[in-house]
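Shown next, in structure tokens, is the structure this report addresses.
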Amino acid sequence: MILKPITSDHLGTRHGFFTRQGGVSDGIYRGLNCGVGSSDKQDAVSENRSRVTSHFGAGRLVTVHQVHSSDVVVAENVDLTKRPKADALVTAEPGLALGVLTADCTPVLFSDSTAGVIGAAHAGWKGALAGILENTIAAMVRLGASRDRIAAVAGPTISQANYEVGQEFLETFEAEDPETLRFFAAGRTPEKYQFDLPGFALSRLREAGVDATWTGHCTYGDADQFFSYRRTTHAKEPDYGRQISVVTLGD
């Protein structure tokens with residue numbers, strides 16, 4: 001099956017927010033599960049990742065061991081075969097495809113096509129609050145990118161309508177910055193709130209000086225297209241797949 005990732009004209013370089021369509025995994029991982037940390041058959045995961053690499057004609061698809069941190073690696077400076085713990089990658093090297101894995105968290109792809117510098121970040125609420133997006137931008141600038149040329153696209157993520165959180169969650173944000181309360185709406189039950197993760201990510205990106213947009217896709221609400229950690233939890237399933245979002249230099 002030909003892969004048909006979601007793309008955006010906003011980015012200016014080759015990229016794709018892949019759905020779960022087009023892979024070989026089955027069962028609860030049905031489709032294009034690219035998560036090596038899942039309990040899926042590893043030969044199926046390897047084949048899925050190989051299909052993604054072939055889609056771009058890239059020399060290598062590289063990812064990291066994501067831990068909800070604010071840490072960024074320069075892809076050509078580390079041994080990525082050891083999957084260092086980090087939540088974003090940047091590079092100025094053609095032929096590398098940078099990938100991040102998500103299943104409700106926000107994948108963000110970056111590009112300064114003039115400088116030839118790209119980045120990919122995994123932004124869950126912890127990483128976004130800790131500065132993973134700002135740190136990715138700063139790492140790109142160190143490679144020669146300019147903030148006023150960087151474009152960023154947030155991909156499929158859980159939407160506010162489907163992201164219910166509790167009082168302690170809200171208080172964590174309030175303690176960091178009371179202004180973040182604008183990303184919370186009243187929940188369906190007392191002391192519950194609906195958190196706007198993509199809105200929060202876009203705000204951080206724009207405040208950091210880059211032009212950012214969101215594709216508008218909700219992972220929780222579309223089981224045919226996307227894996228979702230929260231949907232899996234609600235369904236009491238034992239594990240979940242991960243979709244991959246990838247950016248690479250070149251036409």
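- Residue T157 is tested with T106, T102, T215 for a side-chain contact (heavy atoms from CB on, under 4.5 Å); the sole match is T106.
- Taking the centre of each ring, F184 and F173 come in below the 6.0 Å mark.
- Side-chain atoms of R149 and S111 include no donor-acceptor pair closer than 3.5 Å.
- Between A161 and R188 the shortest heavy-atom distance is O-NH2, 2.7 Å.
- L143 pairs in a side-chain contact (heavy atoms from CB on, under 4.5 Å) with only one of the listed residues (I118, V74, D112), which is V74.
- Note that the OH atom of Y29 and the CD atom of E237 stand 9.5 Å from one another [nearest 0.5 Å].
- In this structure, the ring of F195 has its center less than 6.0 angstrom from the ring center of F169.
- Between T180 and E176 there is no side-chain heavy-atom pair separated by less than 4.5 Å.
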- Message: Using the rule given for side chain to side chain contact (heavy atoms under 4.5 Å, CB included), can you reason through I244 versus L61, listing the C-alpha separation, both sets of side-chain angles and the distance that settles it, and then say yes or no?
- Response: CA-CA 11 Å; I244 195 166; L61 170 64; 3.9 Å; yes
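- Residues L249 and V62 are members of one and the same hydrophobic cluster, defined by side-chain heavy-atom contacts under 4.5 angstrom among Ile, Leu, Val, Met, Phe, Trp and Tyr.
- Distance check: N162 CG to L197 CG gives 12.0 Å after rounding to the nearest 0.5 Å.
- In the displayed structure, D177 atom CG is contacted under 6.0 Å by more than 12 heavy atoms of other residues, nucleotides or ligands.
- Between H234 and Y220, the distance from one ring center to the other falls under 6.0 angstrom.
- Annotation: side-chain hydrogen bond (donor to acceptor under 3.5 Å, both in side chains) contacts involving residues 137-148, sequence neighbours excluded, comprise S146-D148.
- Between H217 and F17, the gap from one ring centroid to the other reaches at least 6.0 Å.
- Of the N and O atoms on the side chains of R49 and T63, at least one donor lies less than 3.5 Å from an acceptor on the other residue.
- A donor-acceptor pair is defined here as one N or O able to donate and one able to accept, closer than 3.5 Å; such a pair exists between the side chain of D87 and the backbone of H68.
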- Task: Run the numbers on N33 and N48 for side chain to side chain donor-acceptor pair (under 3.5 Å), then give the verdict.
- Result: CA-CA 7 Å; N33 172 32; N48 291 337; over 6 Å; no
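- A donor-acceptor pair under 3.5 Å is formed between the side chain of D104 and the backbone N or O of R230.
- Side-chain contact check for S203 and E207: at least one donor-acceptor pair (N or O, by modelled atom type) lies under 3.5 Å.
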- Give the intermediate values and the outcome of ring pair (Phe, Tyr, Trp, His ring centres under 6.0 Å) for residues F227 and Y240. CA-CA 7 Å; F227 299 108; Y240 57 98; 8.5 Å; no
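- Put simply, the side chain of I6 reaches to within 4.5 Å of the side chain of P156, judged on heavy atoms.
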